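Being a predicted model, the structure only gives us computed values, none of them experimental. Proteins get letters first, then strands, A, B, ... in listed order; numbering begins at 1 in each.
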Amino acid sequence: MDAFYASVELLRYPQLKGLPVVIGGGRRKVDEAIRDLPEGSTLADIPVDAFPRLKDYVGRGVITTATYPARQFGIGSAMGLMKAAKLCPQALILPVDFDEYRKYSRQFKQIILDIAPVMQDRGVDEVYIDFTDVPGGQREGGRVLARLIQKTIFDATGLTCSIGVAPNKLIAKMASEFDKPNGISIVHEGDLQTRIWPLPVRKVNGIGPKADEKLQRFGLRTVGDIAAKERDWLIANFGKATGAWMHEVSWGRDDRPVETESEPVSMSRETTFERNLHAVRDRAELGAIFTHLCEKVAEDLQRKGYVGKTIGIKLRYDDFKIATRDQTIARFTADGKAIRQTAGQCLKRVPLERPLRLIGVRVGALVRVDSPEATSPATSPTRARTAPDAAAATASLF
DNA sequence: TCTGGGGTCCTGTTGCGA
DNA sequence: TCTGTCGCAACAGGACCC
């Protein structure tokens with residue numbers, strides 16, 4: 001298989017070109033900051049001076065994405081806004097406009113589908129493409145097709161797009177980062193030693209901060225360092241699955257196909273509060289938020305045509321520790337009240353002494369509402385396992 | 001100084017029935 | 001009847017990604 005990995009650059013406000021800009025923050029907060037901007041103006045025609053600066057932003061939130069000039073200051077995705085403000089106080093801050101992103105995302109994917117129909121959706125701005133069977137796909141090692149895709153997307157949307165071409169998804173994704181933004185990188189099997197092995201291990205999709213840290217402890221800094229280790233050594237130190245996976249990855253091997261369709265496994269809604277809330281003191285407020293989240297998940301399920309039967313909750317305490325509880329019920333549901341009821345049961349099994357900063361509701365084990373399972377008679381009640389922390393329940397607080 | 005929201009997948013533990 | 005063990009499903013947590 002030959003794979004493309006394409007990602008579009010969604011920051012596209014021309015007047016902001018070359019400036020340090022971050023997108024992020026609580027939507028509400030940033031909206032407040034730009035409330036006084038000219039009526040009816042879209043972000044694209046707002047003058048640079050009108051945008052708020054990071055130094056003027058106060059409150060919780062993280063960076064969703066940042067322009068390359070902003071990255072020069074050390075700013076990156078998922079960084080707290082307060083920290084980013086220290087690094088580059090003059091950076092402009094824009095609200096996250098997911099509706100807008102989704103619109104462009106659909107366009108970008110449709111264009112690719114029209115050209116190369118074997119496409120895997122990887123989120124709002126990224127896709128994998130198997131172009132093995134695309135007529136002319138092999139010309140100049142894929143470069144001709146990549147250029148066509150870039151040009152078509154740019155003409156239709158004004159978005160630039162970085163593309164990696166390689167024998168598999170793993171390498172294609174890494175290749176796409178070689179020449180950002182708006183680049184095309186082609187990596188052949190024989191380029192493994194020269195182009196992949198020198199990369200830091202963190203560049204591998206699937207090696208995050210934790211795995212990186214552990215690898216560093218063993219003195220493994222680059223992909224090549226991993227490749228130099230025996231497979232058995234990796235398995236002994238990282239576990240059977242992870243160790244074997246690391247070995248394969250470091251040798252550039254990846255046989256995952258490009259998956260053109262997938263069904264969702266779960267849907268959830270969660271929210272971080274403006275200030276920490278306490279289960280007792282802020283009971284009414286929390287209860288209202290909790291119910292609202294259940295209704296939102298129910299709406300999402302109904303709108304998308306799914307029902308689920310594993311209901312779960314998630315709490316994040318003030319110390320950032322997370323607790324989750326879930327429970328599988330006998331019948332599939334997409335009903336807000338049913339979700340609320342089971343989620344409430346889950347809540348009784350979790351400690352509620354500490355202040356909370358986030359609460360979330362999740363529905364998993366999804367099937368399509370029109371599938372046979374969805375309407376089949378209730379399965380025998382799941383074994384009620386005694387909750388080990390049932391004693392921690394602080395009465396029925398919600 | 002802090003750290004969003006929506007997901008997926010994996011791992012270890014535990015309880016249950018065969 | 002008692003006990004061990006094995007596999008499965010459910011659950012909790014955590015890593016990771018966009």
Side-chain angles (χ1 to χ4, degrees), chain A residues 5 7-10 22-30 54 57-65 76-87 89 95-96 98 101-102 105 121-128 173 202-214 238-245 256 259 262-274 276 293 296-297 300 304 309-329 346 349-351 357-366 379-389:
Chain A
Y5 182 88
S7 68
V8 281
E9 283 91 27
L10 279 168
V22 305
I23 288 190
R27 163 98 226 184
R28 218 172 323 148
K29 288 258 180 192
V30 184
L54 257 186
Y57 182 90
V58 181
R60 287 180 167 161
V62 294
I63 309 266
T64 300
T65 186
S77 299
M79 179 179 287
L81 283 167
M82 291 294 131
K83 183 174 175 185
K86 294 224 153 145
L87 293 169
V96 191
F98 278 108
Y101 292 170
R102 273 192 286 270
S105 177
D121 203 325
R122 277 282 295 167
V124 75
D125 61 350
E126 310 192 17
V127 297
Y128 287 113
K173 163 116 172 113
R202 193 67 177 75
K203 291 286 174 192
V204 175
N205 191 240
I207 296 183
K210 298 290 174 180
D212 183 30
E213 198 192 312
K214 187 166 174 185
F238 290 89
K240 199 171 167 188
T242 309
W245 172 78
R256 294 169 304 161
E259 311 265 9
S262 67
E263 288 289 326
V265 174
S266 67
M267 288 185 201
S268 63
R269 286 282 182 143
E270 62 186 56
T271 187
T272 297
F273 316 129
E274 303 261 316
N276 294 344
L293 290 172
K296 282 305 203 187
V297 180
D300 293 342
K304 295 176 183 168
K309 64 172 182 171
T310 301
I311 318 287
I313 58 155
K314 168 175 162 183
L315 303 181
R316 179 180 268 143
Y317 298 99
D318 62 340
D319 61 359
F320 244 70
K321 291 230 162 40
I322 292 170
T324 63
R325 293 293 181 274
D326 42 56
Q327 189 178 330
T328 300
I329 55 178
C346 292
R349 294 193 277 133
V350 76
R357 61 175 293 138
L358 168 149
I359 191 162
V361 175
R362 196 176 73 94
V363 176
L366 302 185
T379 53
S380 56
T382 54
R383 291 183 295 261
R385 291 180 43 202
T386 49
D389 50 2

**Request:** Using a 4.5 Å cut-off on heavy atoms from C-beta on, say whether the side chain of A:Ile329 contacts that of A:Lys309.
**Result:** yes

**Prompt:** Among all residues two or more places apart in sequence or in another chain, which pass the side-chain hydrogen bond (donor to acceptor under 3.5 Å, both in side chains) test with A:Arg316?
**Reply:** none

**Request:** Sequence neighbours left out, what passes side-chain hydrogen bond (donor to acceptor under 3.5 Å, both in side chains) with A:Arg202? Give chain and number order.
**Result:** none

**Asked** Taking the side chain as C-beta and beyond, is there a heavy-atom pair between A:Met79 and A:Leu87 under 4.5 Å?
**Response** yes

**Prompt:** Does a sphere of radius 6.0 Å around NZ in A:Lys203 hold more than 12 heavy atoms from other residues, nucleotides or ligands, not counting ones at 6.0 Å or beyond?
**Reply:** no

**Request:** Take A:Arg316 and A:Ser268, find for each the nucleotide of DNA chain B with the closest heavy atom, and name the residue whose nucleotide sits nearer the 5' end.
**Result:** A:Arg316

**Asked** Hey, are the side chains of A:Arg362 and A:Asp326 touching, using non-hydrogen atoms and a 4.5 Å cut-off?
**Response** yes

**Side chain of A:Gln327 (C-beta onward), nearest among C:dC11, C:dC16, B:dG4** = C:dC11

**Complete:** Residues at least two apart in sequence or cross-chain that pass salt bridge (charged side-chain N to carboxylate O under 4.0 Å, His left out) with A:Asp300, listed by chain then number, are A:Arg269, A:Arg303

**Item:** Atom pair distance, as rounded to whole Å: NZ in A:Lys309 and C1' in C:dC11
**Value:** 15 Å

**Item:** N or O in side chain of A:Thr271 less than 4.0 angstrom from B:dG4 OP1/OP2
**Value:** no

**Item:** P atoms of B:dC2 and C:dC17, separation to the nearest Å
**Value:** 27 Å

**Asked** Does A:Thr272 place a side-chain N or O at less than 4.0 Å from the phosphate oxygens OP1/OP2 of B:dG5?
**Response** yes

**Message:** Using the side-chain heavy atoms of A:Thr242, tell me which of these nucleotides is nearest: B:dT11, C:dC16, C:dC18.
**Reply:** B:dT11

**From B:dT8, B:dT11, C:dC11, nucleotide with atom closest to A:Ser266 side chain** = B:dT8

**Request:** Map every base of DNA chain C to its dot-bracket character, where paired means a Watson-Crick or G-U wobble contact with both distances under 3.5 Å and | marks a partner outside the strand.
**Result:** ....||||||||||||||

**Asked** So, is A:Arg349 close to the C:dA12 phosphate, meaning a side-chain N or O under 4.0 Å from OP1 or OP2?
**Response** yes

**Message:** Over all strands shown, is A:Arg122 touching base, sugar-phosphate only, or nothing at heavy-atom distances under 4.0 angstrom?
**Reply:** sugar-phosphate

**Request:** Write down the distance between OH (A:Tyr317) and C1' (C:dA12), rounded to a whole number of angstrom.
**Result:** 12 Å

**Message:** I need the CH2-C1' distance between A:Trp245 and B:dC10, as an integer number of Å.
**Reply:** 12 Å

**Item:** Side-chain heavy atoms of A:Arg357 within contact of A:Asp318, under 4.5 Å
**Value:** no

**Request:** For the side chain of A:Thr310, starting at C-beta, report the closest nucleotide among C:dC16, B:dC9, C:dC11.
**Result:** C:dC11

**Prompt:** For C:dA12, does OP1 or OP2 lie under 4.0 Å from any side-chain N or O of A:Thr324?
**Reply:** no

**Asked** Any donor-acceptor pair under 3.5 Å linking the side chain of A:Ser77 with the backbone of A:Thr64?
**Response** yes

**Prompt:** Between B:dC10 atom P and A:Lys210 atom NZ, what is the distance in whole Å?
**Reply:** 20 Å

**Request:** Give one of base, sugar-phosphate or nothing for A:Lys173, where a contact means two heavy atoms less than 4.0 Å apart.
**Result:** sugar-phosphate

**Complete:** Ranking A:Glu263 and A:Lys240 by the position along DNA chain B of their nearest nucleotide, the one closer to 5' is A:Glu263

**Pairwise C1' distance, C:dT3 and B:dC16 [rounded to whole Å]** = 16 Å

**Asked** Nearest of B:dT11, C:dA12, C:dC17 to any side-chain atom of A:Arg202?
**Response** C:dC17

**Item:** For A:Asp212, all residues meeting side-chain hydrogen bond (donor to acceptor under 3.5 Å, both in side chains), sequence neighbours excluded
**Value:** A:Gln216

**Asked** What distance, rounded to whole Å, do you find between the two P atoms, one in C:dC18 and one in B:dT1?
**Response** 30 Å

Could you run down the sub-3.5 Å N/O contacts of the protein with nucleotides 1-3 of chain B?
none

**Request:** For residues A:Leu54 and A:Leu81, determine if any side-chain heavy atom of one lies less than 4.5 Å from a side-chain heavy atom of the other.
**Result:** yes

**Prompt:** Of all the choices, B:dT8, C:dC11, B:dG6, which nucleotide is nearest to the side chain of A:Glu270 once you look at every atom?
**Reply:** B:dG6

**Prompt:** Given B:dG7, C:dC11, B:dG6, which nucleotide is nearest the side-chain atoms of A:Arg269?
**Reply:** B:dG6

**Complete:** Taken to the nearest whole Å, NZ/A:Lys314 to C1'/C:dG14 is 11 Å

